[in-house]
Amino acid sequence: MIFDILTIFPDFFRSPLEGGILRRGIEAGLISVNPVNLRDFTSDRHRTVDDRPFGGGEGMVMKPEPILKALDSLQISPLDAKVILMSPRGRVFNQSIAAELSVERRLVIICGRYEGVDQRISDHCVDMELSIGDYVLSGGEAAALVVMEAVGRLIPGVLGCEDSARNDSFSNGILEYPQYTRPRRFRGWEVPPVLLSGDHAAIARWRRREALKATLRRRPDLLGKAKLDPEDLRLLDGLKEERP
Ligand code: 5OB
């Protein structure tokens, strides 16, 4: 997978690419990241990438020319790449969009700044606008990093087998069960005894119930789409009874 990142802050991506999952993918030759500086595609002395909005109003808008020139320089064919604009107006990113994008050969990610990007870029050059949630950011760079990490780890071979099995936990649509490690007793706080019992079936039942309980209490919105079997539904009925 090639990630081309169009940004006025190419250095923003330096240290995140030097460690973690993206670095592993890069070293294994499965991922390459190409930060493209939009200022390299300006032709004035001040390397201007923004201008005042037509119609008046606060703030500045990203000019279309540098973005279009940067896109042209990549010589992408529409068949082997998707162009994504990071924007608070986009579809809200989630695990199923990450999975959808992980099968692409190349993702071009445009990071907006200022009050936004000239709409003609969206209308004529972009395949998908993505938001990472309902909050204000000064630019799309941090959002682009989130997308790269979530997509990158789904590319076959990027994670070790142990980690890739753990993907399945969020993919079945509910929250994780709580985890504990040594010591058994810490400042008087005990680990749930069932986890020390050696009874693997009992442990699996306890974990499923705790996962359902956490989801019901914290993220009931997830239960509508989750893959639940009849035993899960029975457990949920019990949990709803005991709910404070
Ligand atoms: N806020 N997702 C949430 C975003 C965002 C702001 C962005 C881009 C994606 O750019 C300013």
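Every number for a ligand or one of its atoms is a count from 1 in the order of the listing.
- Each of Leu130, Val117, Thr7 was checked for a side-chain contact (heavy atoms from CB on, under 4.5 Å) with Met86, and the lone residue meeting it is Leu130.
- The closest side-chain heavy-atom distance from Ile174 to Arg208 is below 4.5 Å.
- Listed here is the closest heavy atom pair of Lys69 and Ser43: NZ-OG, 4.1 Å.
- In the hydrophobic clustering of ILVMFWY residues, with side-chain heavy atoms under 4.5 Å counting as a link, Val49 and Val61 come out apart.
- Atom numbering of ligand 1 starts at 1 in the shown order; those under 4.0 Å from a heavy atom of Gly140 are 8 (C), 10 (O).
- A distance of 9.5 Å separates CZ in Arg209 from CZ in Arg234, rounded to the nearest 0.5 Å.
- Ligand-side atoms of ligand 1 in range of Tyr135: 1 (N), 3 (C), range being under 4.0 angstrom from any heavy atom.
- Annotation for Met128 and Ile97: closest pair SD-CG2, 4.2 Å, computed over non-hydrogen atoms.
- Annotation: atom 11 (C) of ligand 1 to nearest protein heavy atom, Leu137 O, 3.5 Å.
- Checked against a 3.5 angstrom limit, the closest N/O atoms of Ile132 and ligand 1 fall inside it.
- Ligand 1 places these atoms under 4.0 Å from at least one heavy atom of Met86: 8 (C), 9 (C).
- Between Leu137 atom CG and Arg113 atom CZ the span is 9.0 Å, to the nearest 0.5 Å.
- Considering only non-hydrogen protein atoms, atom 7 (C) of ligand 1 sits nearest to Pro88 CD, 3.6 Å.
- With Gly133, Ala144, Ser87, Gly116 as candidates, the residue nearest to atom 9 (C) of ligand 1 on a non-hydrogen basis is Ser87.
- Under a 4.0 Å criterion applied to the non-hydrogen atoms of Ala143, ligand 1 contributes the atoms 9 (C).
- Less than 4.0 angstrom separates some heavy atom of Ser131 from each of these atoms of ligand 1: 2 (N), 3 (C).
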